[in-house]
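Take a look at the structure below.
Since this is a predicted model, take the numbers as computed values, not measurements.
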Amino acid sequence: FVVDPGTWVIADVNEGAASLLGVPRDRVVGRVLWDLVEPASVAAAERRVRRFENGEDETATVALRFRRDDRPPIPTEVIVQRVELLGESPLLVAIARDVRERVEAQGRLERLARAEHARAAELDAVIRAMGDGVIVCGPDGRIILANPAGRRMFPDVIERTYDDILGELRDPDRLAPALGGHGGPVALPTRRGPERWIEVSSYPVAQEDDIDGSGETIIVLRDVTVQREREAVRETFIGVLSHELRTPVTTIFGAARVLSRPDSHLDTATRQEILEDVAEEAERLKRLVEDVVAMSRFGETSADLWREPVLLQRVVPSVVGLEEHRWPGVQFSLDIPSGLPTVMADPTYLEQIIRNLLANAAKYGGPAASVHVRIDLSDAGDEALVHVLDDGPGIEPSEADRLFDLFYRSPRTASETSGAGIGLFVCSRLVRAMGGRVWAAPRDEGGAEFGFALQVLRDDDGPSSDAVTTIGASEPRPG
């Protein structure tokens with residue numbers, strides 16, 4: 001859901017949101033988000049939402065139950081993120097995840113807990129099999145039952161009470177749920193060792209004679225560190241993308257306004273200069289979009305990519321020729337032996353890989369850089385190796401592998417050259433999706449080498465299932 005932060009009016013939704021509500025998109029857009037949510041669910045989320053609206057939090061995670069026509073409401077976990085783009089009013093992006101299965105599982109656990117004395121064996125089997133930590137506390141906070149996952153949640157201490165558990169978490173605002181009632185989920189960081197995030201939820205075990213809610217309470221602990229890290233990557237990506245889009249969009253927008261003015265009296269040279277700026281920034285924008293599209297498709301640990309026979313001696317020179325026009329001060333040279341065998345690759349993505357590596361070498365090498373491209377075969381003859389060599393500032397051997405990480409930029413050059421830290425990550429993912437490998441290394445004579453290897457087409461290769469590979473199937477080796 002894309003929401004106006006002042007009014008909470010829904011500006012747009014994707015098909016997933018419409019499917020969640022079971023109505024067409026046009027019946028959702030224009031409505032107030034809270035009108036689609038059960039009132040009790042809104043009341044429970046008010047505290048977090050107020051902190052978010054006041055600017056105290058950049059993101060907020062709330063539990064909401066969305067209403068649907070003539071059908072039971074859907075419990076969801078909603079992550080709200082503020083997004084600000086150049087020249088646009090701030091918007092809120094709410095990502096809702098259907099948690100019916102989790103709620104049903106927790107509901108089953110509650111029902112089992114109510115009948116603990118009659119079904120102790122079944123309850124014990126269920127909680128022991130759960131990956132989440134499950135702890136049952138008495139009215140005084142004393143732990144009377146814990147599954148193996150709960151005991152392993154904080155391996156360095158022995159927890160005897162609920163307060164001992166809370167003592168392992170940083171909670172200055174006292175957001176942790178209290179005993180005796182429904183509370184959470186609340187994600188809190190740990191105090192000891194490497195920072196982890198633990199999500200805490202509480203569920204009262206109501207007995208027939210429990211009038212004041214002073215009975216036992218089930219505490220569910222989930223390690224959500226990986227989820228938090230993914231959220232952090234998502235937030236970083238939005239920030240980086242917003243920053244990288246600002247320059248080309250601003251340039252193109254400003255140039256278009258100047259050229260469209262009826263009273264402008266621009267001479268031919270000035271007009272041509274403006275048009276060249278527009279073309280350059282449009283090319284930059286196009287390449288950024290290509291990298292983002294490739295990253296969205298191949299950014300996970302596995303993906304399939306169709307491959308076909310390709311001749312590197314045809315693809316590489318054409319890409320180098322295009323880059324020569326884009327970097328007029330850079331000297332490009334080629335060393336391609338005759339009789340190179342055919343490789344298995346996707347031609348479109350292969351061009352994108354070569355463009356990214358050439359642009360990386362030209363950008364960090366400076367306006368008078370020299371970039372040399374060499375192609376040869378591996379000793380076994382089963383791989384074609386493409387080397388992109390530059391005479392720039394070079395790289396440290398210790399950071400060679402990290403250069404292909406998402407958003408990573410070398411501290412030696414990050415302050416001198418702009419960039420998003422996306423291009424080399426995309427190269428790595430695309431090459432591995434083609435069954436190849438990538439590498440980076442400093443050159444003894446100065447500068448750096450970036451390269452990749454692709455499998456040579458064997459005599460028995462053909463358009464079969466062997467032409468599809470999976471990211472991660474081939475790990476990178478030293479170049």
Side-chain angles (χ1 to χ4, degrees), residues 287 291 310-341 343 345 349-381 383-405 408-414 416-417 419 421-432 434 436-456 476-479:
R287 296 190 179 202
D291 284 345
V310 176
L311 293 174
L312 287 172
Q313 55 267 45
R314 291 186 179 179
V315 176
V316 174
S318 64
V319 177
V320 172
L322 293 174
E323 291 303 303
E324 284 179 329
H325 293 290
R326 186 166 180 243
W327 307 93
V330 177
Q331 297 295 321
F332 289 90
S333 58
L334 281 169
D335 182 5
I336 303 179
S338 59
L340 276 177
V343 299
Y349 287 128
L350 177 59
E351 292 180 4
Q352 186 173 348
I353 294 166
I354 300 170
R355 282 201 309 267
N356 282 1
L357 293 181
L358 293 175
N360 182 77
K363 178 170 65 174
Y364 289 99
S370 296
V371 178
H372 181 65
V373 180
R374 186 181 80 244
I375 305 178
D376 50 34
L377 294 177
S378 62
D379 294 339
E383 290 181 316
L385 313 179
V386 180
H387 311 261
V388 178
L389 312 172
D390 65 63
D391 57 358
I395 61 175
E396 294 291 340
S398 59
E399 66 178 354
D401 292 336
R402 294 196 63 193
L403 290 170
F404 295 100
D405 292 345
Y408 179 81
R409 302 187 66 221
S410 173
R412 299 176 59 194
T413 56
E416 301 175 2
T417 308
I422 296 177
L424 292 179
F425 172 82
V426 170
C427 288
S428 173
R429 289 297 184 179
L430 291 178
V431 170
R432 294 181 189 182
M434 298 180 196
R437 55 189 177 90
V438 296
W439 65 85
R443 301 176 66 193
D444 294 337
E445 62 271 34
E449 172 185 346
F450 289 84
F452 65 94
L454 295 175
Q455 293 293 320
V456 169
R477 304 190 300 272

Are [X] and [Y] side-chain neighbours, meaning at least one heavy-atom pair lies under 4.5 Å?
X: P317; Y: L334; value: yes
X: V319; Y: Q352; value: no
X: V373; Y: F332; value: no
X: D335; Y: H372; value: yes

Looking at [atom1] of [X] and [atom2] of [Y], how far apart are the two atoms once the value is rounded to the nearest 0.5 Å?
X: L358; Y: W327; atom1: CG; atom2: CH2; value: 10.5 Å
X: N356; Y: E351; atom1: CG; atom2: CD; value: 12.0 Å
X: L357; Y: L389; atom1: CG; atom2: CG; value: 11.0 Å
X: S338; Y: Q313; atom1: OG; atom2: CD; value: 9.5 Å
X: R355; Y: R326; atom1: CZ; atom2: CZ; value: 9.0 Å
X: H387; Y: F452; atom1: NE2; atom2: CZ; value: 10.0 Å

Item to complete: Decide side-chain contact (heavy atoms from CB on, under 4.5 Å) for I395 and R402; before the verdict, give the C-alpha distance in whole Å, the side-chain angles of both, and the deciding distance to 0.1 Å.
Response: CA-CA 11 Å; I395 61 175; R402 294 196 63 193; over 6 Å; no
Determine the minimum heavy-atom distance between [X] and [Y], stating which atoms define it.
X: V456; Y: G381; value: CG2-O, 3.9 Å
X: A345; Y: L454; value: CB-CD1, 3.9 Å
X: A361; Y: V388; value: CB-CG1, 4.0 Å
X: R443; Y: D390; value: NH1-O, 2.9 Å
X: I353; Y: C427; value: O-SG, 3.7 Å
X: P442; Y: P397; value: CG-CG, 3.9 Å

Worksheet entry | Positive for side chain to side chain contact (heavy atoms under 4.5 Å, CB included) with V316, one of L340, L350, I375 | I375
Discussion item. Looking at S428 and F425, would you say the former's side chain and the latter's main chain have a donor-acceptor pair under 3.5 Å?
Written reply: no
Worksheet item: Distance-only, no hydrogens or angles: does the D391 side chain make a donor-acceptor pair with backbone N or O of S370 under 3.5 Å?
Response: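 Side chain of D391 to backbone of S370: a pair is present.
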Discussion item. Going by salt bridge (charged side-chain N to carboxylate O under 4.0 Å, His left out), name the pairs with one or both residues in residues 365-377, residues two or more places apart or in two chains.
Written reply: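 Pairs touching residues 365-377 that pass the test: R374-D376.
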